[in-house]
Visitor: 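This is the structure I want to talk about, given as structure tokens.
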Amino acid sequence: MEFRLTEDQRRLQAGLRELLTDRQPTWAELTDVGLFQLRVPEPDGGLGLGLPEAVLAFEEAGRAVLPGPLVGTEVAAAALGLGGRAEVVRVPSRGPLLVPDLPELDHVLVLHPDDSLAVLPAAALDATPVRAVDPDRPLWRVDGGVPPGGHPFATGRPEARRVAADATLLTAALQAGLAARTVTEAVAYARTRTQFGQPIGAFQAVQHLCADMLARAELARVAVYAAAVSGDAEEIAGAKLLADEAAVRGARDCLQVHGGMGFTWEARVHRLLKRAWAWEQAGADRERCLDVLAGHL
Amino acid sequence: MKLGDTPAEADFRGRLREWLGKTLPELPAAPDPGDWPGRRAYDTAWQRRLFDAGYAGLHWPVDAGGKGVGPSMHLIFLEETERAGAPYVGANFVGLLHAGPTVATEGTPEQRARFLPPILRGEEIWCQGFSEPDAGSDLAALRTRAVRDGDAYVVTGSKIWTSHAEVADWCELLVRTDPDAPKHRGITWLAMRMDAPGVTVRPLRTLAGTTEFAELFLDEVRVPVGDRLGAENDGWRVTMVTLSFERGTAFASEAVACRREVRRLARLARADGAFDDLELRRELALLSAEFTALWRLVQWNVSEAAARGVPGAGGSVFKLRFSEARQRLHDVAARVVGADALLDGPWTAQRLQGLSYTIAAGTSQIQRNIVAQRLLGLPKGR
């Protein structure tokens, strides 16, 4: 056992963090650095790396709160050998089927409640734009159900299983990165905002809020790494659950630390929370993860 | 990032499993929890078996009588012994995990030769005299006085929460040797014989009704200067060495145990119908995810410590989450067993014992202070 980053993994992480700090790269830049080709075999023009490297990269994407169809595009390339932009969506148990960034997409990978997968051309969906809570993640509502056709993969097929598992884990990695970002933002604010003659970060009430945020983010990060190494379905569900909790509660606490400023549009803390809510429903949501875990007990 | 065993680790695990399979059936029945002499005999006999088989002091340095294996081997040992249902470290806890490693790091050659071999062989038991009635979380406020008198210190004061005091041979004792220095700089670490004249042990009854620890009253106890570890007034630094060990792997086997407990509870819940309750089923699922992740966090912390040579601050994150998850596990267990939770049975004993987890070895509030100030760099308040 040597459960820590290798030198190569450290370099990958540092390189991406540098690229994504304080700036929003274009889609072409993300493609150029190989974000979507990480796991594609080298003979096919990819980097030939594994799931651990992919989660490290997506953790950084989450920390930077990157917009766009990140998970679907990577999974379509790695699991199905599909080029172009794609997103993975799961038919929800309640409410409409929503697809983010639909006009930009080439493919939509639809996971049905029975765990079968349909790979559809994005143009085949009859959809209406709707106002989304996250301004950086525009949504389209699919009207009239999922059309037949495209490439169906029946329940239990390895492609269907892999798309579901990879999408869940990579979304968990995004959330782990986002959770870490909420800690950074909260701590930075708590160190500079002064009340009662001292930084608010010197008050234990605020310190303990931040400490719990870090504890949740750290546990989630390690759970995501471990799930990437083991590839185990139970661990992936657990990692998503913990990462969702770390990101959503982290963003809420970050907002609380920012006080009145946190409630404003300008402070941008709301963007962290809105993205955490969006990613919480992506891949596999809380109910689904809990059911997977309970099924293994 | 690798989670699997190296060939050497797999070999070690295989041989350990074989040895445990052969040895555990030969063990006598575990003593009654209230039978302290029986517990001492049982725990030290187990330690002796480990010593004879070459498994004592695995993570101790070779020149301290240990095996000098890396932390990942030690973790395999903890994982496998827990899985096999082997006895816990029990009364050997302070010697093997606090006092021993501290002596190994800070002791003179004579002190190492005197104190370490009997710990490894299960011949001497240690207890810890750190906390005092007025020095709990604020440990450095301790007031037990030690005054130099020729070749001895004369120690007077009282200690509290001392586990295994009734059966211990030695006490790792923190005393104040310079009352005028700033509080962290006037403390000294002494090894005190528990049968020295002036030592009185008064067992404390816990809320579980058992006597897991005791108060110590020290009335002009003479401790030879030769039994001082490190320099006079340097005891705080010496102690911090010990505490970092405590937060390294001390709770690792319990994380393994809790994973098993969740599965056992789920089986019980399936059998008695409680698993049909959606809320309860999902709470068990959440706990299962939490304990699996906590075990991974142990593996992460240990791998990092192995590469860096010292246990990191990640231990505080683990301690914080683990102790709270463990208490939740006991609350869920009470719901699974239903009315049985009101009886004084084994589940109840665990539930009551578990209440100490957010208090002992640094309260959850102190852990949060450590995380906030040392890991996040937030300023100390006025």
Side-chain angles (χ1 to χ4, degrees), chain A residues 1-6 9 52 56 183-184 186-187 190-191 196-204 206-230 232 234-235 237-242 245 286-287 289-297, chain B residues 1-6 9 72-73 75-76 262-263 265-267 269-270 275 278 281-304 306-307 314 316-318 320-321 324 364-365 367-373 375-382:
Chain A
M1 177 195 74
E2 198 176 354
F3 188 34
R4 60 195 300 269
L5 302 189
T6 63
Q9 288 169 340
L56 284 173
V183 181
T184 311
V187 168
R191 290 169 82 150
F196 303 101
Q198 63 179 3
I200 59 168
F203 293 103
Q204 285 192 332
V206 176
Q207 290 191 349
H208 289 193
L209 213 54
C210 294
D212 283 338
M213 289 169 73
L214 181 77
R216 286 193 297 264
E218 281 293 295
L219 192 65
R221 183 174 66 93
V222 169
V224 167
Y225 292 174
V229 175
S230 74
D232 173 70
E234 191 183 353
E235 274 204 277
K240 178 65 165 51
L241 198 64
L242 293 170
E245 191 191 24
R286 180 180 171 82
E287 279 177 35
C289 292
L290 285 169
D291 288 345
V292 168
L293 285 157
H296 278 87
L297 281 175
Chain B
M1 290 188 278
K2 287 200 196 80
L3 285 167
D5 289 345
T6 63
E9 287 167 351
S72 64
M73 291 284 197
L75 202 57
I76 289 171
V262 172
R263 282 170 205 279
L265 261 187
R267 279 198 302 277
R270 280 187 193 277
F275 210 70
L278 180 68
R281 187 164 73 231
R282 288 186 168 164
E283 264 187 63
L284 280 168
L286 190 56
L287 282 169
S288 161
E290 178 110 11
F291 285 118
T292 299
L294 282 164
W295 170 244
R296 295 308 196 194
L297 184 59
V298 169
Q299 292 180 308
W300 180 267
N301 288 343
V302 161
S303 298
E304 286 283 323
S316 281
V317 169
F318 174 82
L320 195 53
R321 291 294 293 240
E324 293 182 358
S364 288
Q365 285 64 40
Q367 303 297 343
R368 287 188 177 91
N369 287 352
I370 292 172
V371 171
Q373 290 163 20
L375 269 63
L376 294 174
L378 287 168
K380 244 186 145 92
R382 280 188 272 112

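Both backbone and side-chain heavy atoms feed into the values below; hydrogens, waters and symmetry mates do not. Residue numbers start from 1 in every chain, and the chains themselves are labelled A, B, ... in the order their sequence lines are given, proteins ahead of strands.
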Visitor: A:Gln207 versus chain B, heavy atoms under 4.5 Å apart: side chain, backbone, both or neither?
Guide: both
Visitor: Only pairs of heavy atoms separated by less than 4.5 Å count here; which of B:Arg281, B:Arg321, B:Arg270, B:Glu9 has the most with chain A?
Guide: B:Arg321
Visitor: Do you know the tightest heavy-atom contact between B:Leu378 and A:Ala190?
Guide: CD2-CB, 4.1 Å
Visitor: Given that the side chain runs from C-beta out, which part of A:Arg286 has a heavy atom under 4.5 Å from chain B: side chain, backbone, both or neither?
Guide: side chain
Visitor: Work out which heavy atom in A:Glu234 is nearest to a heavy atom in B:Ser288; give both atom names and the distance.
Guide: OE2-OG, 3.7 Å
Visitor: Measuring heavy-atom distances to chain A, does B:Glu283 have an atom under 4.5 Å in its side chain, in its backbone, in both, or in neither?
Guide: neither
Visitor: With side-chain contact (heavy atoms from CB on, under 4.5 Å) as the criterion, how do A:Glu2 and B:Leu3 come out once you've worked through the C-alpha distance, each side chain's angles and the decisive distance to 0.1 Å?
Guide: CA-CA 6 Å; A:Glu2 198 176 354; B:Leu3 285 167; over 6 Å; no
Visitor: Taking all atoms of both residues into account, what is the closest heavy-atom pair of A:Ala294 and B:Ala285, and its distance?
Guide: N-CB, 3.7 Å
Visitor: Heavy-atom distance under 4.5 Å to chain B: side chain of A:Gln198, backbone, both or neither?
Guide: both
Visitor: Charged N to carboxylate O under 4.0 angstrom, A:Glu235 versus B:Arg296?
Guide: yes
Visitor: Quick one: of A:Leu242, A:Val206, A:Leu290, who has the most non-hydrogen atom pairs under 4.5 Å with chain B?
Guide: A:Leu290
Visitor: So which of B:Gln299, B:Met1, B:Lys2 has the largest heavy-atom pair count under 4.5 angstrom toward chain A?
Guide: B:Met1
Visitor: Chain A: which of B:Gly4, B:Gly381, B:Pro379, B:Ser364 shares the most heavy-atom pairs with it under 4.5 Å?
Guide: B:Pro379
Visitor: How are the rings of A:Tyr225 and B:Trp300 set relative to one another: parallel (under 30°), tilted (30 to 60°) or perpendicular (over 60°)?
Guide: tilted
Visitor: Run the side-chain contact (heavy atoms from CB on, under 4.5 Å) test on B:Thr6 and A:Met1 for me, step by step, so that the C-alpha distance in whole Å, both residues' side-chain angles and the decisive distance to 0.1 Å come before the verdict.
Guide: CA-CA 6 Å; B:Thr6 63; A:Met1 177 195 74; over 6 Å; no
Visitor: Would you check if A:Leu293 and B:Arg282 make a side-chain contact, meaning some heavy-atom pair closer than 4.5 Å?
Guide: no
Visitor: Which atoms of B:Thr292 are under 4.5 Å from chain A, going by heavy atoms: the side chain, the backbone, both sets, or neither?
Guide: side chain
Visitor: Pick from A:Thr184, A:Leu219, A:Val187, A:Leu241: which one has the most heavy-atom pairs with chain B under 4.5 Å?
Guide: A:Leu219
Visitor: Taking side chain as everything from C-beta outward and backbone as N, CA, C, O, which of these in B:Leu75 sits under 4.5 Å from a heavy atom of chain A? Side chain, backbone, both or neither.
Guide: side chain
Visitor: Between CG of B:Leu376 and CE of A:Met213, what distance do you get to the nearest 0.5 Å?
Guide: 9.0 Å
Visitor: Counting only non-hydrogen atoms closer than 4.5 Å, does B:Ala289 touch chain A with its backbone (N, CA, C, O), its side chain (CB onward), both, or neither?
Guide: both
Visitor: Among B:Leu375, B:Val317, B:Leu320, which one satisfies side-chain contact (heavy atoms from CB on, under 4.5 Å) with A:Glu218?
Guide: B:Val317
Visitor: For the candidates A:Val224, A:Leu214, A:Val183, A:Leu209, which exhibits the highest count of non-hydrogen atom pairs separated by less than 4.5 Å from chain B?
Guide: A:Leu214
Visitor: Side chain, backbone, both or neither: which part of A:Pro199 has a heavy atom under 4.5 Å from chain B?
Guide: side chain
Visitor: Chain B: which of A:Gly238, A:Ala223, A:Cys289, A:Gly201 shares the most heavy-atom pairs with it under 4.5 Å?
Guide: A:Gly201
Visitor: Less than 4.5 Å to any heavy atom of chain B: does that hold for the side chain of A:Val292, its backbone, both, or neither?
Guide: neither
